[in-house]
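Worksheet: one structure, shown below.
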2 protein chains.
Amino acid sequence: MHNCTSHNDCITEALVRAESICNDRGLRFTDLRRKVLELVWTSHGPIKAYDILDKLDARIAAIKPPTVYRALDFLTENGLVHKINSLNAFVGCSHPLKHSECYFLICSDCGEAKECCSADLVEAIAKTGRRNEFLPEHITLEITGECGDCRGLH
Amino acid sequence: MHNCTSHNDCITEALVRAESICNDRGLRFTDLRRKVLELVWTSHGPIKAYDILDKLDARIAAIKPPTVYRALDFLTENGLVHKINSLNAFVGCSHPLKHSECYFLICSDCGEAKECCSADLVEAIAKTGRRNEFLPEHITLEITGECGDCRGLH
DNA sequence: AAGATTATGTTATAATATAACATTACCGGT
DNA sequence: ACCGGTAATGTTATATTATAACATAATCTT
Ligand SMILES: [Zn+2]
Ligand SMILES: [Zn+2]
Ligand SMILES: [Zn+2]
Ligand SMILES: [Zn+2]
């Protein structure tokens with residue numbers, strides 16, 4: 001489903017990156033936030049808040065929903081995690097720095113949610129905004145369908 | 001918030017259109033489905049499932065959630081209603097026939113959800129799909145921000 | 001150290017959605 | 001009109017997702 005060469009490295013890198021971003025911005029990358037982000041990346045695909053809760057519970061015990069949601073809010077607000085509304089799930093942002101707007105290609109077969117950016121899309125959306133005198137603040141673009149792997153293209 | 005000249009006409013037209021579409025396709029436009037669609041259009045903006053439930057309750061009594069959700073499923077599957085995932089709300093489709101894909105400009109101020117279509121956007125999304133060997137089936141595009149009216153442009 | 005601020009813990013509950021099974025309405029063929 | 005199949009709705013219960021409200025603890029500022 002995901003084709004990173006070493007998934008452990010992939011998680012570690014995400015955590016290091018997140019820590020450095022938080023430091024740069026004067027944000028507190030607490031233990032809890034780190035653990036939640038780690039779980040999001042460990043899943044390496046959309047993960048649900050209550051699944052994070054269960055996994056945290058196994059490690060810490062007696063974690064309650066608000067704790068998880070608050071950590072997810074923090075991570076989402078700071079661009080380290082995205083919420084996928086059509087799945088009620090969360091996924092780590094693969095490029096939290098050069099981050100204009102992110103889109104997702106979500107395979108209904110294997111569940112992969114591939115994050116992508118496209119200048120064309122950004123421009124088309126901006127144009128739609130201008131044409132409608134609308135000032136965009138946040139964009140949710142989730143494209144479900146079937147990925148190449150699942151259609152046997154390789 | 002909405003600028004139709006006569007909101008009653010607007011509702012009536014939507015219902016007539018829906019009935020005719022259902023007839024053409026051999027679908028049953030039952031009383032319940034009609035009432036739910038009517039409530040969706042009466043709100044003329046995103047409305048929540050449980051608000052529909054409350055309003056139906058006042059008219060029929062003892063309506064339960066599955067009843068509403070089933071009607072909404074029917075309407076959504078047949079393109080008469082769209083679900084706006086980022087709001088957990090439903091809105092009537094303004095052009096259920098010439099219906100390729102619909103996008104929403106959602107004003108965080110006044111709550112209006114303006115449906116729009118854009119060839120550029122469709123093409124940009126198709127291109128993103130091709131580039132990623134991804135076969136799109138359903139697109140969720142919800143742009144939140146501020147509409148012209150709320151920014152005092154008129 | 002005192003006071004302000006931010007983060008987390010805790011309890012309870014709100015809001016959204018579906019599973020599973022019973023009943024009713026509708027449709028087509030006889 | 002009757003039968004039998006299918007589709008729609010009713011009903012009960014429960015699952016899933018998310019937040020309000022208030023208490024405590026950790027951290028930062030002065
Ligand atoms: Zn991203
Ligand atoms: Zn796939
Ligand atoms: Zn539409
Ligand atoms: Zn507005």
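Naming convention: chains lettered A, B, ... in sequence-line order (proteins, then strands); numbering from 1 in each chain.
We find that B:Glu133 and A:Arg151 are not joined by a salt bridge, their nearest charged nitrogen and carboxylate oxygen being 4.0 Å or further apart.
For the pair B:Asp51 CG and C:dA17 P, the interatomic distance rounds to 12 Å; values are reported in whole Å. Here the P atom of nucleotide C:dA7 and the NZ atom of A:Lys35 are 17 Å apart, to the nearest Å. Atom CD1 of A:Ile63 is separated from atom P of C:dG9 by 5 Å (rounded to the nearest Å). Put simply, CZ on A:Arg33 is 14 Å from C1' on C:dG9, counting in whole angstrom units. As rounded to whole Å, 11 Å separates atom C1' of C:dA17 from atom CG of B:Leu72. Between the CG atom of A:Leu75 and the C1' atom of C:dT8 there is a distance of 15 Å, given to the nearest Å. In this entry the distance linking CG of A:Leu87 with P of D:dT16 reads 16 Å, nearest Å. Straight-line distance from the CG atom of A:Leu27 to the C1' atom of C:dT5: 15 Å, rounded to whole Å.
Judged by centroid separation below 5.5 Å and plane tilt below 30°, B:Tyr69 does not stack onto the base of C:dT18.
No side-chain donor from either of A:Asn88 and A:Lys48 sits under 3.5 Å from a side-chain acceptor of the other. B:Thr144 and A:Glu137 form no side-chain donor-acceptor contact under 3.5 Å, judged by distance and modelled atom types alone.
Nearest-nucleotide positions on DNA chain D for B:Asn88 and B:Phe74 put B:Phe74 closer to the 5' end. Across the interface with DNA chain D, nearest-nucleotide mapping of B:Thr30 and B:Pro66 shows B:Thr30 to be the residue nearer the 5′ end.
Checking D:dT17, D:dT9, C:dA17 against every side-chain atom of B:Arg70, the shortest atom distance belongs to D:dT9. With D:dG10, C:dA7, C:dT18 as the choices, the nucleotide that has an atom nearest any side-chain atom of B:Leu32 turns out to be D:dG10. In the set D:dA18, C:dT10, C:dC26, C:dT10 carries the atom at the smallest distance from any side-chain atom of A:Thr67. Here the nucleotide nearest the side chain of B:Pro65, chosen from C:dG9, C:dT18, D:dT27, is C:dT18. With D:dG10, D:dT17, D:dT12 as the choices, the nucleotide that has an atom nearest any side-chain atom of B:Lys64 turns out to be D:dT12. Out of C:dT16, D:dA18, C:dC26, the shortest distance to the side chain of B:Arg28 is found at C:dC26.
Contact of A:Tyr50 with D:dA18 (side chain to base): a donor-acceptor pair of N or O atoms is detected under 3.5 Å.
Within the 4.0 Å cut-off from OP1 or OP2 of C:dT16, at least one side-chain nitrogen or oxygen of B:Lys48 is found.
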| Step by step, would you call A:Ile84 with A:Phe90 a side chain to side chain contact (heavy atoms under 4.5 Å, CB included)? | CA-CA 6 Å; A:Ile84 299 185; A:Phe90 300 84; over 6 Å; no
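Judged by distance alone, the side chain of B:Glu142 and the main-chain N or O of B:Ser86 form a donor-acceptor pair under 3.5 Å.
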